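To start, the structure under review is shown below, and the notes come after it.
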Amino acid sequence: MLFYQETLHLFTQIRFDFIHFKQQYIRFLQVILLSASCYSPASAQIPRHTLQLSFLSENYTFHKLHSTQEIDSLFRIFEKDWIRHVKQQKYTSGLPEEVMARLDSYTYLFALVNSNYPPPDWAMYHCWSKYMVPAMMQDFAYFSKDIQSYKASLVWPGSISNTFEIAQYPVSKALFTDLNRIFSQLPAVLSSYAKVTDTEKQQSIARLQGNLKQYNEAYSLYQLIYANQLDSASRKLEEALKNARVPAYTLVQPAKTLAIQLFHKGRNQQAKSVLDLLVHHTSQDQFPTDSIQAIYSRMGLAYNNPTTKTLLVETDERIDLPGSYFNLTNKEPIHPDTLKNKLIVLDFWHTACKPCITEIPALNDFSEKLKNHKDVVFISINCDFFNTKRPEKFVSTYIKNQAIRFPVIYDTPQSSLNQKYKITGYPTKIIITPNGRLLKRKDGSDLSLEVIEEYLSVQ
């Protein structure tokens, strides 16, 4: 217990690295929208989380939250109002009223994100530990006890994947033990549900199964750490990072926990080796410099920034950007000849995507910086036609109102760039090399603006 108290004290002095949250939020917001579009009261049972998100969106105006007390007050209001709403509506979902009346794990996250975007680290941790984990554990106890198809709507990535993302949170031994117990049982439960549900739910379960495999490395590391097998944990971490078995962001939090435990045992040099290894195999968006420097400083360790990192690797996948396009920003065409022998950075977005809009100022700055990279072209692909159905004229006005300075192409069924490049979430960034090949992260995680800038800075 002493170790955990010391660790938590150390973490309160260091920025929590919720580095992957934006990508997760985008991905699961898309899941929500897809779910909402696939259900109607007349045709099928609407999932509880879809009903809750619609209820919150239609009945509340979200305001910025400044403390855990304000979060608690807001969530208590939502909980009471939802219970009252369920009693009035008498939903015929097949779920017992007491289960239907509980807020979904993702609903808490949705409420926080709509109040504070991006959420401060303290708010994310409070929401996760006090609300999301207990909600998911209650649901698991219900849907795992007796496998029934009507319970399958509770088995979806939005709540379960986000709650199991312990790679982003400092985790006590007691909480890890509870989560790991469920984590170890979940694969068998998912396999059972995959046999009794329809095609759409099977796809959702397959997505969950893939996520669990991605998180398995972090859970295995925590198991070794809390079993006091620190040398084994260090070797496992090194092997996982060097072989890029999973996205590096999933290993940041357990690696920091390992370093802290080594530090508290007086094994300072080994703690430094763990942190150095982590720094060398992660990018700015996975382990930001301010967090790196803070943890080194707190431990009294010397921080030496590695001069080179293998951030991106060229794949065998060839891809091109055929045809001529019209730049809505300056009302001029973009000819294929201007793209020849250039590194092309593409950003896919739409006007109803909050993370996309939040990123506009950073993309303006990025576009300005590229004036020093004559061999690099940045093009934004607007996908409103496929998401909001808003016309090109609306997007053109939106560009002007948002003071967008970078080139924007309006994607249409004729060009279908989002389908050609298999875009499944927004914003999504891809890089095409001058010889027409895709650049991807070595660890398979999503590209971000930060990692692209970091890559270009060492070219």
Side-chain angles (χ1 to χ4, degrees), residues 20-40 43-44 46-47 49-58 62 106-107 109-110 113-114 117-118 156-158 161-162 200 203-204 207 319 321 323 325-329 334 344-364 378-404 406-431 446-449:
H20 198 58
F21 174 74
K22 182 170 71 173
Q23 287 89 343
Q24 291 297 313
Y25 171 65
I26 296 161
R27 187 173 298 120
F28 296 124
L29 183 59
Q30 183 188 32
V31 170
I32 290 167
L33 295 174
L34 286 173
S35 298
S37 67
C38 294
Y39 289 88
S40 67
S43 63
I46 304 176
H49 60 266
T50 304
L51 292 168
Q52 289 178 358
L53 299 184
S54 176
F55 176 73
L56 293 186
S57 299
E58 292 173 2
F62 295 92
Y106 190 89
T107 301
L109 181 57
F110 175 85
V113 168
N114 278 273
Y117 184 82
W156 77 293
S161 291
N162 270 308
E200 182 184 334
Q203 292 173 346
S204 179
R207 208 159 41 237
I319 201 163
L321 192 66
Y325 301 96
F326 187 73
N327 180 357
L328 294 180
T329 305
I334 299 174
I344 304 172
V345 179
L346 300 180
D347 177 64
F348 293 80
W349 68 291
H350 61 84
T351 58
C353 165
K354 190 169 185 178
C356 302
I357 306 313
T358 303
E359 200 176 38
I360 287 175
L363 292 176
N364 274 334
F378 172 54
I379 300 176
S380 172
I381 313 295
N382 174 269
C383 301
D384 266 70
F385 180 90
F386 301 94
N387 291 275
T388 68
K389 300 302 180 184
R390 288 168 173 168
E392 182 177 318
K393 184 178 180 181
F394 173 90
V395 176
S396 184
T397 301
Y398 191 88
I399 290 169
K400 182 178 179 180
N401 292 339
Q402 290 288 328
I404 291 176
F406 44 84
V408 178
I409 291 172
Y410 184 78
D411 199 13
T412 66
Q414 290 70 41
S415 53
S416 293
L417 295 174
N418 69 329
Q419 295 175 9
K420 177 182 178 65
Y421 298 140
K422 302 175 183 177
I423 305 303
T424 59
Y426 300 91
T428 289
K429 295 167 181 57
I430 66 173
I431 301 179
D446 297 333
L447 283 177
S448 67
L449 184 59

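Owing to the predicted nature of the structure, the values given are computational and were not obtained by experimental measurement.
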side-chain contact (heavy atoms from CB on, under 4.5 Å) against [X], all qualifying residues, sequence neighbours excluded:
X: T358; value: Y117, K354
X: S416; value: F386, Q419
X: T388; value: H350, T351, A352, D384, R390
X: T329; value: N327, I399, I404, V408

Enter the distance from [X]:[atom1] to [Y]:[atom2] here, rounded to the nearest 0.5 Å.
X: L56; Y: F62; atom1: CG; atom2: CZ; value: 5.0 Å
X: L417; Y: Y410; atom1: CG; atom2: OH; value: 13.0 Å
X: F326; Y: T412; atom1: CZ; atom2: OG1; value: 13.5 Å

message: Surrounding NZ of K422 (heavy atoms of other residues, nucleotides or ligands, distance under 6.0 Å), is the total greater than 12?
response: no

- request: Tell me, please, which residues at least two apart from D347 pass salt bridge (Lys or Arg N to Asp or Glu O under 4.0 Å).
  value: K429

What is the minimum heavy-atom distance between [X] and [Y], and which atoms define it?
X: S204; Y: W156; value: OG-CA, 3.8 Å
X: Y421; Y: L346; value: CE1-CD1, 3.6 Å
X: F348; Y: C383; value: CD2-SG, 3.8 Å
X: N418; Y: D411; value: N-OD2, 2.9 Å
X: C353; Y: Y426; value: SG-O, 3.5 Å

message: Once side-chain hydrogen bond (donor to acceptor under 3.5 Å, both in side chains) is applied, do any residues pair with S396, and if so which ones, sequence neighbours excluded?
response: K331

message: Using side-chain heavy atoms (C-beta onward) and a distance below 4.5 Å, is L51 in contact with S54?
response: no

query: Among N382, L328, I357, whose side-chain contact (heavy atoms from CB on, under 4.5 Å) with Y398 holds?
result: I357

Steps toward side chain to side chain contact (heavy atoms under 4.5 Å, CB included) verdict (V395, F385): CA-CA 10 Å; V395 176; F385 180 90; over 6 Å; no

